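The structure appears below as structure tokens.
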Amino acid sequence: MVKERVEKVLDYIATCSPGQDEFYQAAREVLESIEPLLKAESKYLDNNILERIVVPERTIIFRVNWVDDSGVVQTNLGYRVQFNSAIGPYKGGLRFHPTVNLGTVKFLGFEQIFKNSLTGLQIGGAKGGSNFDPKGKSDNEVMRFCQSFMSELYKYIGKNRDVPAGDIGVGHREIGYLFGQYKKLTGEFEGALTGKGINWGGSLARKQATGYGSVYFAENHLTVYNKDLKDKICVVSGSGNVATYTIEKLINLGAKPVACSDSKGTIYHKSGIDIASLKAVKEIGRESLKAYAKIHPDCEYIDVAHYPKDAHAIWHIPCDIAFPSATQNELTLVDAKALVKNGCILVNEGANMPTTPDAIDYLQANGVLFSPGKAANAGGVATSQLEMSQNASMTQWNFEEVDIKLRQIMKNIFKKAHDTAKEFEHDGNLIVGANIAGFRKVADSMIDEGSI
Ligand code: NDP
Ligand code: 2IT
């Protein structure tokens, strides 16, 4: 009965959202893993919650015209998927990357519903973005694009309505231009975006929060198995916001991150990544990691072209812990086999859905601990909510205050996922625990709020 209903809803997605493979993948993982809850309590099927929760409350798609530096008008697509507001105003990032399409935004928005629920805070799920590529554009081009994007988006967002933030390709610079335009169009200086600059309403520690939170989550996970981070060899994919601050916190806590990557290649720095030059190259210089390898002659550089399509160099470097922190489906079955062969004990997802389903199965079957992204990377959005809280009370907390709250939130999320897995007799399976705990709060709220 439960299995058939889940299959029916998945068939509906396949029929009504053809070609949205990433959304289908995300929905399948959630719906299949919550089967123990659906079997235990009939109210979710009785109230058609599955049928309702896989459909966004609102999808906004718009044209973004902007003028490039040579005076030519360029056109991109803009998206905002307001997926679920049962437990709070819509909340979730904006992604600017050439691969972004409606399926990408829907998968991210769907994941965000359950992630935000897990934080224990009052935030609903949403995601947005554009197929605009900030790479290779001048600051002025990025500014004109952001202004044009916000000229449409501002109609749908607001501090109590929908609060976007950053994601891939959207950082401090983009949030600044978006915020400036929002303020100009509405005349309101309000927290309608998070990830803002410290001088204009941002929260200390938001920049670090996803990466730091991911490491705090890993710490909690290891503790249950009487292990810790000390001297652990770590590999971290990506070298953007999440990866950089994962590496920084790992170093602070005595682990040894030795490799990271970007869209062009991977660096393997056996003596340990130098965080200062990583930030100088990627965060400040917006350069490729090749520039890091030039500064450090003892660092090996592996060009992405030297690896087959279904494998990624970073996961073939021997490690104790892997932190996929770049993008979706970046850790495949071939990669998982290499991790197991090299004795990896934990895969801790910093990115959204970075591990393919067959890779997850393989890791779990081979006893590798697995921290799912919607729990492990929730520190970013949780700290965004702390930013909203500070904006609402017109205060600014210091770095330590925010960091202490973040640490506690990650501990609570871990405990919730871990205890819920146990409650449903899937001890140690944090995918089941996180999905059930995240789903239950939202679904119960949907039932309470009636047939809206
Ligand atoms: P950034 O844009 O700061 O960094 C992304 C990094 O991943 C870059 O190093 C980029 O390479 C690499 N990358 C991105 N796309 C690809 C691709 N298709 N193939 C290969 N490499 C790629 O993004 P974030 O660090 O913010 O986000 C990383 C992940 O974390 C995403 O999955 C995001 O959804 C997730 N996340 C982010 C949060 C946040 O607060 N920022 C919160 C929770 C999750 P290059 O440098 O060459 O561009
Ligand atoms: O995937 C995510 O959780 C984010 N990109 C952060 C969202 C947010 O609103 O801070």
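Please read these numbers as outputs of a predicted model, since none were measured by experiment. Note that ligands are numbered from 1 as they come in the structure, with each ligand's atoms numbered from 1 the same way.
For residues 373-408, the set of pairs meeting the ring pair (Phe, Tyr, Trp, His ring centres under 6.0 Å) definition, not counting sequence neighbours, is empty.
For Glu22, the salt bridge (Lys or Arg N to Asp or Glu O under 4.0 Å) criterion is met by no residue, not counting sequence neighbours.
Listed for the Gln147 side chain is no donor-acceptor partner under 3.5 Å among the backbone atoms of Tyr177.
Evaluated for a side-chain hydrogen bond (donor to acceptor under 3.5 Å, both in side chains) with Tyr292, the options Lys282, Glu287, His269 yield exactly one hit, His269.
Ionic pairing of Lys374 and Glu29 is present here: one or more N-O contacts between side-chain nitrogen and carboxylate oxygen are shorter than 4.0 angstrom. A salt bridge links Arg95 to Asp167: at least one charged side-chain nitrogen sits closer than 4.0 Å to a carboxylate oxygen. A salt bridge does not link Glu188 to Lys159: none of the charged nitrogens lies less than 4.0 Å from a carboxylate oxygen. Salt bridge status for Arg80 with Glu152: absent, with no side-chain N to carboxylate O gap under 4.0 Å.
Closer than 4.0 angstrom to ligand 1 by heavy atom are Arg95, His97, Lys115, Lys135, Asp167, Ile168, Gly169, Arg206, Thr210, Gly238, Ser239, Gly240, Asn241, Val242, Ser261, Asp262, Ser263, Lys282, Ser325, Ala326, Thr327, Gly350, Ala351, Asn352, Asn377, sorted by chain and number.
In this structure, Lys183 is not positioned above the aromatic face of Phe189 in the sense of NZ or CZ being under 6.0 Å from the six-membered ring centre and within 45° of the axis.
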Which N or O atoms of ligand 2 sit under 3.5 Å from a protein N or O, and how far apart is each pair?
{"unit_1": "ligand 2", "atom_1": "1 (O)", "unit_2": "Gln112", "atom_2": "OE1", "d": "3.4"}
{"unit_1": "ligand 2", "atom_1": "1 (O)", "unit_2": "Lys115", "atom_2": "NZ", "d": "2.9"}
{"unit_1": "ligand 2", "atom_1": "1 (O)", "unit_2": "Lys127", "atom_2": "NZ", "d": "2.9"}
{"unit_1": "ligand 2", "atom_1": "1 (O)", "unit_2": "Asn352", "atom_2": "ND2", "d": "3.0"}
{"unit_1": "ligand 2", "atom_1": "3 (O)", "unit_2": "Gln112", "atom_2": "NE2", "d": "3.0"}
{"unit_1": "ligand 2", "atom_1": "3 (O)", "unit_2": "Lys115", "atom_2": "NZ", "d": "2.7"}
{"unit_1": "ligand 2", "atom_1": "5 (N)", "unit_2": "Lys127", "atom_2": "NZ", "d": "3.2"}
{"unit_1": "ligand 2", "atom_1": "5 (N)", "unit_2": "Gly166", "atom_2": "O", "d": "3.0"}
{"unit_1": "ligand 2", "atom_1": "5 (N)", "unit_2": "Asp167", "atom_2": "OD1", "d": "2.9"}
{"unit_1": "ligand 2", "atom_1": "9 (O)", "unit_2": "Lys91", "atom_2": "NZ", "d": "2.7"}
{"unit_1": "ligand 2", "atom_1": "10 (O)", "unit_2": "Arg206", "atom_2": "NH2", "d": "3.0"}
{"unit_1": "ligand 2", "atom_1": "10 (O)", "unit_2": "Ser384", "atom_2": "OG", "d": "2.6"}

